[in-house]
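Here the structure is laid out as structure tokens; the discussion comes afterwards.
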Amino acid sequence: MSTELIKVTINGQEFAVEKGARLIDVCREQAFNIPSFCYYQDLALQASCRMCLVRIEKMPKLQTSCTITCTDGMIVTTQSAEIEKAQRAMGEFLLANHPLDCPVCDRGGECELQEMIFDWGDVEERFVESKNATPEKFLSPIVANDPQRCILCKRCTRVCDEWMGEDAIEAGNRGVNTVIGTYGGWLDCSQCGNCIEVCPTGTLLDGTYRHETRPWELDQTISTDTYSSDGMQLSIGSRGGRVHRIVARDRYVDGLNGEFLDVKARFGHGFVNHEERIKTPLIRYKKGGKLIPTTWDEAIHFVTNKFKESGNNVGVVASPRLTNESIFTLKRFAKEVVGSENYTISDVEDLAPFFNNLSVPLATHKEIRHAKTILLIGGEPEEEQTFTAKQIRQAVRNGGAKLIIVHDTPIRLTAQASQFIHVNPKSLDAFALAFADKSDKTILSKIGAAQSEIDDLLKLIGESEGDFIIMFGRDLSAEAQAVLANVAGNFASEKRRVLLHPLPLYNNSVGANDMMAGRKSLSDVLINSTALLIGGSLSKPSALTDGFLSRKDFIVVQEMFETATTEFADVVLPAASFAETDGTFTNNTGFVQRVRQAVEPVHQAKADWIITSMIAREMGVDFGYNFSAPAAFRTLADSIDAYAGLRYPHLKDESKPVQVKHPIAGKKDLSKETDALRRGVEAMPETNEKIIGTPKVGHKLHRLTTMTSKTAQFHLLAHGNPKPENLLVSPLVQFNLDGTPRVEEKAEAASAGDRISDVKRTAGVTLDGKV
Amino acid sequence: MASVAPTFYTNQVQVTDEVANFSPEVVEEMYLHLTKYPPDRKRSALIPLLFVIQRERGYVDNEGVNFLARFLDLEVTDIWETVTFYSMFNLRPVGKHHIQICKTLSCRIIGEPKITEHICNRLGIHVGETTDDEKFTVSLVECLGSCGTAPMMQIGFDYHEDLTTEKVDKLLDSLS
């Protein structure tokens with residue numbers, strides 16, 4: 001948008017506004033209230049609700065302000081008897097088919113239609129004709145639909161298309177019979193629930209929260225998503241110590257993600273109040289014995305004695321799902337209490353090569369949205385970093401950005417790409433090498449791409465202006481990541497700013513990398529220690545780690561559930577979930593954002609950093625936190641350069657997140673890494689076979705979440721999850737989030753087996769053939 | 001165990017992944033339609049292709065929709081949206097003669113209800129139903145753009161205008 005200013009007169013007052021600004025936005029910024037339903041910032045225009053009417057001089061009739069672009073000298077009236085009359089009439093029309101069943105509607109109390117009609121409508125209804133009756137139904141286990149309440153603003157169809165690129169929900173039929181629906185009546189998509197979020201009425205509702213509470217009875221706590229590394233801001237709705245729902249409605253929270261959330265963030269909260277949470281500390285007094293419930297005093301005492309025996313052979317492992325405070329405290333425990341250098345994070349994908357070789361700053365999500373060129377190498381943001389994917393899609397579709405994808409699979413985002421380099425399976429490393437070292441032509445056969453494709457790519461980058469963002473996924477080796485992160489700086493010029501965007505898997509991968517600077521590798525820690533303190537579970541207990549765990553003298557695990565890792569534990573300490581702790585997460589753009597306590601920890605659970613400091617105190621070291629999260633963060637901030645000076649009050653406003661500046665290494669000599677990368681590439685088998693076929697929506701996303709609470713946890717579970725078969729019984733049943741059908745409908749669920757194939761497709765649980 | 005689906009869900013139909021097969025001539029015809037539009041606007045060919053599908057398969061069936069979704073790189077829901085908008089496309093099987101009576105203002109004022117009632121009584125069905133011999137289907141549709149000759153109806157692709165009950169009788173007699 002150009003910064004040229006033009007003059008607009010609104011209700012007699014003169015304003016200087018940017019050329020090209022939309023009238024409704026300008027009016028709202030200047031605090032002139034204009035009602036609207038269908039208008040949604042950053043979505044395609046619709047102008048179907050006709051509520052935002054204004055009078056513009058020299059225009060023959062009332063105009064919809066959502067479709068008007070400001071022009072110089074425009075004279076606008078937003079309130080007059082004429083406009084109010086028109087708006088009242090529109091309100092009456094919108095209600096012509098509305099059942100007015102607010103007392104039984106879940107949206108009642110936070111419904112835009114309800115508020116708008118109270119503010120602008122005429123409560124008297126003159127229609128006497130019978131209303132269209134359409135039965136209430138479920139579009140999927142988590143999306144309930146009552147078509148009668150619909151006012152046809154089509155926000156849902158637009159977010160589905162423009163944000164998610166799925167086109168799963170559309171308006172069918174025509175005239176007064178128009179309904180929002182799908183082919184076959186079944187919603188076949190990633191179940192992100194954004195259509196529920198943007199719906200201004202009670203037409204699309206959260207099927208898991210159905211008839212649970214009224215919205216005004218919920219406490220809203222602003223917190224951060226505990227699944228994806230995008231750090232989406234959300235509002236936890238809790239009541240009486242239970243988490244009932246998670247939303248991102250802008251009336252409650254105004255974070256970087258707007259109202260966008262994905263299926264995990266929105267529906268994956270069932271684990272918080274799950275009945276299988278570990279209730280008390282557990283001790284296994286004899287190897288191979290049972291875990292026996294005990295008291296906190298006894299457990300801490302037991303742990304302390306055992307750790308004292310092991311001395312500095314104690315290793316510390318932290319999950320990248322924990323808060324910064326917890327990870328930092330675990331590191332302090334290793335360094336200050338047991339005097340050991342054996343500390344690490346349990347993620348096998350290490351971000352250290354990326355951050356140690358950073359040559360340009362990290363991109364924020366806003367910069368991605370307004371970028372001019374985006375290069376995506378590997379990764380699957382649509383399944384793992386959903387908000388990043390949405391920003392990329394909008395940058396291309398609404399911002400005219402050029403997207404270049406280098407991938408071995410034609411992922412769904414390739415539909416938006418202006419260039420797609422289809423490489424051989426698992427040959428992204430070879431591409432990274434070719435990208436960094438343009439002289440090397442011998443590896444082209446390994447990549448499976450023509451030289452001309454790479455030339456085209458370099459030409460496109462060379463011609464680009466504005467922001468150029470490079471992202472690469474976790475399918476690149478550590479050396480390739482190091483080389484790419486370092487080579488990125490070469491593309492910077494006066495016209496072009498280069499930014500990097502990592503795509504880690506876990507909510508706090510970046511924070512864990514910052515907290516655990518100087519860590520050893522996971523296998524080193526597992527080999528070199530005789531006792532272990534594990535915060536969370538090991539995310540991928542391969543045969544190797546399992547073999548190591550069984551040989552340890554003593555293992556303490558801080559967990560929420562019994563997992564594959566706790567099977568090896570001698571002591572299990574009940575940890576609190578993200579909804580029960582105060583803390584911070586650092587997202588993949590370097591934003592440090594607050595996690596706030598919404599409910600009291602269930603049973604005897606305690607926050608991870610409290611547990612660790614309790615053990616430390618018993619062993620004679622006081623961390624000086626006094627059980628206060630702000631104090632823990634203060635200590636953290638004072639000892640890590642990037643976080644220096646930060647305090648909780650700085651992080652208070654979620655709409656102005658604080659970005660930590662990771663040190664930029666500048667140009668490095670990476671010949672060692674490049675050589676290692678070249679050796680790896682040379683060892684790669686040559687193949688001509690490529691992966692064909694775009695993976696279906698939700699092919700990675702769902703396997704983790706929504707349906708099975710045990711796979712969807714704060715401390716990521718590895719294996720030993722309960723099987724989600726029971727959610728394959730029928731979509732006709734409302735599910736609890738752990739995948740069990742709601743009790744009263746179990747009988748029907750068992751008999752309605754004919755829908756199984758659809759559920760598989762929709763839930764994506766078995767897309768790879770596994771359950 | 002008896003399958004008792006709550007009334008909530010009865011609107012859901014079984015959706016298959018199967019894709020229809022067409023003879024090479026028909027596929028060629030489809031490609032011919034495709035050439036009328038720019039290569040990056042394939043979806044513009046949706047309506048002519050829907051007519052082809054309907055002609056070949058009797059109605060726009062699930063397999064046909066799946067075929068079109070692949071042929072034009074669309075989502076099935078996009079096709080559903082278009083199909084339901086136009087009364088010329090049927091998502092369910094119809095009889096040999098599809099009687100579409102215009103129900104919009106001019107026709108309704110001038111006597112559509114009487115015509116509809118007459119046809120329904122004669123065929124022994126309600127609006128939206130098909131006769132047992134699968135010969136006739138009656139439906140009411142939005143304006144067909146022939147208000148000057150109201151009341152009117154469309155059978156197949158033919159307009160029948162200035163209708164009276166006698167005219168309708170004669171017409172139905174002539175259809176076999």
Side-chain angles (χ1 to χ4, degrees), chain A residues 134-141 144-147 154 157 160-161 164-189 207 415 694 696-697 730-734 744-758 760-762, chain B residues 1-18 40 42-43 46 50 53 59-70 72-92 102-105 108 127-128 139-144:
Chain A
T134 327
E136 207 181 2
K137 58 182 189 273
F138 274 74
L139 291 178
S140 83
N145 179 10
D146 190 343
K154 294 199 188 171
T157 71
C160 197
D161 180 16
M164 306 305 292
E166 292 181 21
D167 269 332
I169 189 165
E170 291 285 1
N173 299 324
R174 66 161 139 171
V176 288
N177 297 320
T178 314
V179 287
I180 295 295
T182 65
Y183 186 63
W186 182 248
L187 197 51
D188 185 4
C189 69
T694 304
K696 285 191 178 180
V697 171
S730 167
L732 308 183
V733 176
Q734 279 194 58
E744 62 275 15
E745 282 157 338
K746 247 179 189 162
E748 279 129 39
S751 63
D754 56 337
R755 292 285 313 212
I756 285 180
S757 62
D758 283 347
K760 278 183 192 165
R761 209 156 36 119
T762 309
Chain B
M1 234 186 290
S3 166
V4 198
T7 48
F8 265 28
Y9 311 104
T10 46
N11 68 327
Q12 293 180 354
V13 294
Q14 185 76 43
V15 179
T16 69
D17 278 339
E18 279 165 35
D40 58 334
K42 275 208 275 186
R43 67 182 297 164
L46 180 57
L50 279 170
I53 300 270
Y59 67 104
V60 183
D61 62 345
N62 197 171
E63 287 85 350
V65 168
N66 289 346
F67 177 89
L68 270 191
R70 288 204 189 175
L72 300 175
D73 293 336
L74 290 173
E75 297 290 330
V76 285
T77 317
D78 288 328
I79 299 173
W80 172 82
E81 189 182 21
T82 310
V83 170
T84 53
F85 186 85
Y86 293 104
S87 52
M88 302 86 190
F89 300 123
N90 306 301
L91 277 171
R92 285 184 200 158
C102 174
K103 67 163 185 188
T104 310
L105 198 63
R108 174 150 292 184
V127 172
S139 48
L140 292 178
V141 299
E142 300 292 343
C143 186
L144 289 167

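Naming: A, B, ... by sequence-line order, numbering from 1 per chain. In what follows, every heavy atom counts, from backbone to side chain, and hydrogens, waters and symmetry copies are set aside.
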Shortest non-hydrogen contact between A/R174 and B/Y86, atoms and distance: NH2-CA, 4.4 Å
Contact class of B/S87 relative to chain A, heavy atoms under 4.5 angstrom: both
Heavy-atom pair count under 4.5 Å with chain A, highest-scoring of B/V83, B/T77, B/T82, B/V76: B/T77
B/D78 to A/D167 - nearest heavy-atom pair and separation: OD2-OD2, 3.3 Å
B/R70 CZ: over 12 foreign heavy atoms closer than 6.0 Å: no
Rounded distance (nearest 0.5 Å) linking atom CH2 of B/W80 with atom CD1 of A/I169: 8.5 Å
Candidate list B/V65, B/I79, B/T84, test side-chain contact (heavy atoms from CB on, under 4.5 Å), partner A/Y183, passing option: B/V65
A/N173 side, atom CG; B/E81 side, atom CD - distance, nearest 0.5 Å: 10.5 Å
